[in-house]
Amino acid sequence: MDIQQLLKIEEATLADLDEILEIEVRAYPVPWSRDQMMDVFNQKVIRLKLLMDGQLIGYAFVSIILDEGHLLHITVDPIHHGKRLGRYLLEEVLKLGDTHQLATIFLEVREGNTPARALYDRIGFNQVGVRKGYYPCKINGREDAIVMAYTVPSDTFNFQLS
Ligand SMILES: CC(C)(COP(=O)(O)OP(=O)(O)OC[C@H]1O[C@@H](n2cnc3c(N)ncnc32)[C@H](O)[C@@H]1OP(=O)(O)O)[C@@H](O)C(=O)NCCC(=O)NCCS
């Protein structure tokens, strides 16, 4: 069966928090804490979850201010990496550009996060800056964040010129 037929995107709710945290600790060298995650659930953030055959296998969080989106977090369960599921989830995020009439979607990524940077490059994000020492490292020290931006194609907007 085509894997895409098993995939579904739904809104993540607090009921998903334990499952999300379980993936989070396996996916990141420095995972978000429960408190950091709770902030996302307490704020006006778009929370998407990716289901495969009913099982939560990924999530993405996006905040929106005026015409700017900010991809706060995107994660696929490590046991499913390399199956184009990150790309699938990111494409759902990009659709928000259309539905919310965004001009740009921004994100930060660890300088050394090769898989994520390759995914963002591939899908059309461009580097627009660097935040020095933005991320804590697992043992000690800090790592730079690469700031990337995706320009939402203007022809997806439904302008009425007349
Ligand atoms: C980043 C992440 C979401 C990618 O998810 P994924 O499902 O494994 O990635 P996909 O299979 O969809 O790959 C999409 C593209 O990303 C790139 N890519 C993915 N994994 C890669 C790797 N290990 N090395 C190099 N490029 C990689 C490729 O360009 C790939 O496209 P291609 O298959 O056409 O060559 C996933 O690695 C993840 O959850 N990582 C841990 C959490 C994280 O770091 N999130 C990002 C925070 S900024």
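What you see is a predicted model, and the numbers here were worked out from it, not measured in a lab. Hydrogens, waters and symmetry mates play no part in the numbers below; they use all other heavy atoms, side chains included.
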(request) Verify the cluster assignment for Val93 and Val45: are they in a single hydrophobic cluster under the rule of side-chain heavy atoms below 4.5 Å apart? (result) no

(message) Side chains of Tyr135 and Val30, heavy atoms from C-beta outward: is any pair under 4.5 Å?
(response) no

(message) Could you tell me if the side chain of Leu85 sits less than 4.5 Å from the side chain of Leu7, heavy atoms only?
(response) yes

(message) Within the 4.5 Å heavy-atom criterion, are Leu56 and Leu50 side-chain neighbours or not?
(response) no

(request) Just do the side chain to side chain contact (heavy atoms under 4.5 Å, CB included) check on Asp144 and Arg131 with the steps written out, would you? (result) CA-CA 6 Å; Asp144 292 350; Arg131 292 195 209 287; over 6 Å; no

(request) May I ask you to test the Glu19-Glu22 pair for a side-chain heavy-atom distance under 4.5 Å? (result) no

(message) Grouping I, L, V, M, F, W and Y whenever their side-chain heavy atoms are under 4.5 Å apart, do Leu96 and Val40 come out in a common cluster?
(response) no

(message) Quick check: do Gln43 and Ser63 have side-chain heavy atoms less than 4.5 Å from each other?
(response) no

(request) Identify whether Val109 and Leu94 are in the same connected component of the hydrophobic contact network (ILVMFWY, side-chain heavy atoms under 4.5 Å). (result) yes

(message) Regarding Lys49 and Glu11, does a basic nitrogen lie under 4.0 Å from an acidic carboxylate oxygen?
(response) no

(request) Please say whether more than 12 non-hydrogen atoms of neighbouring residues, nucleotides or ligands are located less than 6.0 Å from CD1 in Ile79. (result) yes

(request) Could you grab the distance from atom CD1 of Ile20 to atom CG of Asp77, nearest 0.5 Å is fine? (result) 12.0 Å

(request) Give a yes or no on whether a salt bridge exists between Arg87 and Glu91, defined as a side-chain N under 4.0 angstrom from a carboxylate O. (result) yes

(message) Assigning hydrophobic clusters by single linkage (Ile, Leu, Val, Met, Phe, Trp, Tyr; side-chain heavy-atom cutoff under 4.5 Å), is Val152 placed with Ile64?
(response) yes

(message) How long is the straight-line distance from CG of Leu51 back to CG of Asp16, given to the nearest 0.5 Å?
(response) 8.0 Å

(request) Indicate, with yes or no, if Phe106 and Leu102 share a hydrophobic cluster defined by side-chain heavy-atom contacts under 4.5 Å among Ile, Leu, Val, Met, Phe, Trp and Tyr. (result) no

(message) Working to the nearest 0.5 angstrom, can you tell me the gap between Leu48 CG and Ile46 CD1?
(response) 7.0 Å

(message) Tell me the closest heavy-atom pair linking Cys137 and Arg142, and the distance in Å.
(response) SG-C, 3.6 Å

(request) May I have the step-by-step check of side chain to side chain contact (heavy atoms under 4.5 Å, CB included) for Leu119 and Phe125, ending in yes or no? (result) CA-CA 9 Å; Leu119 168 62; Phe125 279 81; over 6 Å; no

(request) Search all heavy atoms of Leu71 against all heavy atoms of Ile74 and return the closest pair with its distance. (result) CD2-CG2, 4.0 Å

(request) List the steps, then state whether side chain to side chain contact (heavy atoms under 4.5 Å, CB included) holds for Arg47 with Phe41. (result) CA-CA 8 Å; Arg47 298 174 295 267; Phe41 282 86; 3.5 Å; yes

(message) How long is the straight-line distance from CG of Leu6 back to NZ of Lys8, given to the nearest 0.5 Å?
(response) 11.5 Å

(message) Check this for me: Asp2, atom CG, are more than 12 non-hydrogen atoms of other residues, nucleotides or ligands nearer than 6.0 Å?
(response) yes

(message) For a 4.5 angstrom cut-off between non-hydrogen side-chain atoms, does Ile23 reach Thr75?
(response) yes

(message) Using a 3.5 Å distance criterion without hydrogens, assess whether the side chain of Gln36 forms a donor-acceptor pair with backbone atoms of Ser33.
(response) yes

(message) Exactly one of Glu108, Arg110, Glu111 should register a side-chain contact (heavy atoms from CB on, under 4.5 Å) with Ile146. Which one does?
(response) Glu111

(request) Mind listing the closest non-hydrogen atom pair of Tyr150 and Gly124 along with its distance? (result) CD1-O, 3.7 Å

(request) Quick one: pull up CG in Asn113 and OH in Tyr120 and give me the separation to the nearest 0.5 Å. (result) 7.0 Å

(message) Could you check whether any side-chain heavy atom of Val128 comes within less than 4.5 Å of a side-chain heavy atom of Met148, counting everything from C-beta outward?
(response) no

(message) Is it the case that the side chain of Asn42 and the backbone of Met38 share a donor-acceptor pair, with hydrogens and angles ignored and the cut-off at 3.5 Å?
(response) yes

(request) Under the salt bridge (charged side-chain N to carboxylate O under 4.0 Å, His left out) rule, what do Glu24 and Arg26 come out as? Steps first, then yes or no, please. (result) CA-CA 5 Å; Glu24 178 77 12; Arg26 289 187 287 106; over 6 Å; no

(message) Minimum heavy-atom separation for Ala27 and Pro78, please, with both atom names.
(response) CA-CG, 3.8 Å

(message) Please report whether the ring centroid of Phe61 lies less than 6.0 Å from that of His70.
(response) no

(request) Flag the pair Asp18 and Arg34 as a salt bridge only when some basic side-chain nitrogen lies within less than 4.0 angstrom of an acidic carboxylate oxygen. (result) yes

(request) Give the intermediate values and the outcome of side chain to side chain contact (heavy atoms under 4.5 Å, CB included) for residues Trp32 and His73. (result) CA-CA 10 Å; Trp32 281 11; His73 218 45; 3.5 Å; yes

(request) Check whether any side-chain N or O of His100 sits under 3.5 Å from a backbone N or O of Asp67 as a donor-acceptor pair, and report yes or no. (result) no

(message) Is the shortest side-chain heavy-atom distance between Tyr88 and Val76 below 4.5 Å?
(response) no

(request) Hey, could you give me the CG/OG1 distance between Asn126 and Thr151, rounded to the nearest 0.5 Å? (result) 7.0 Å

(message) Given 3.5 Å as the limit, does a donor-acceptor pair link the side chain of Glu68 with the main chain of Ala103, or not?
(response) no

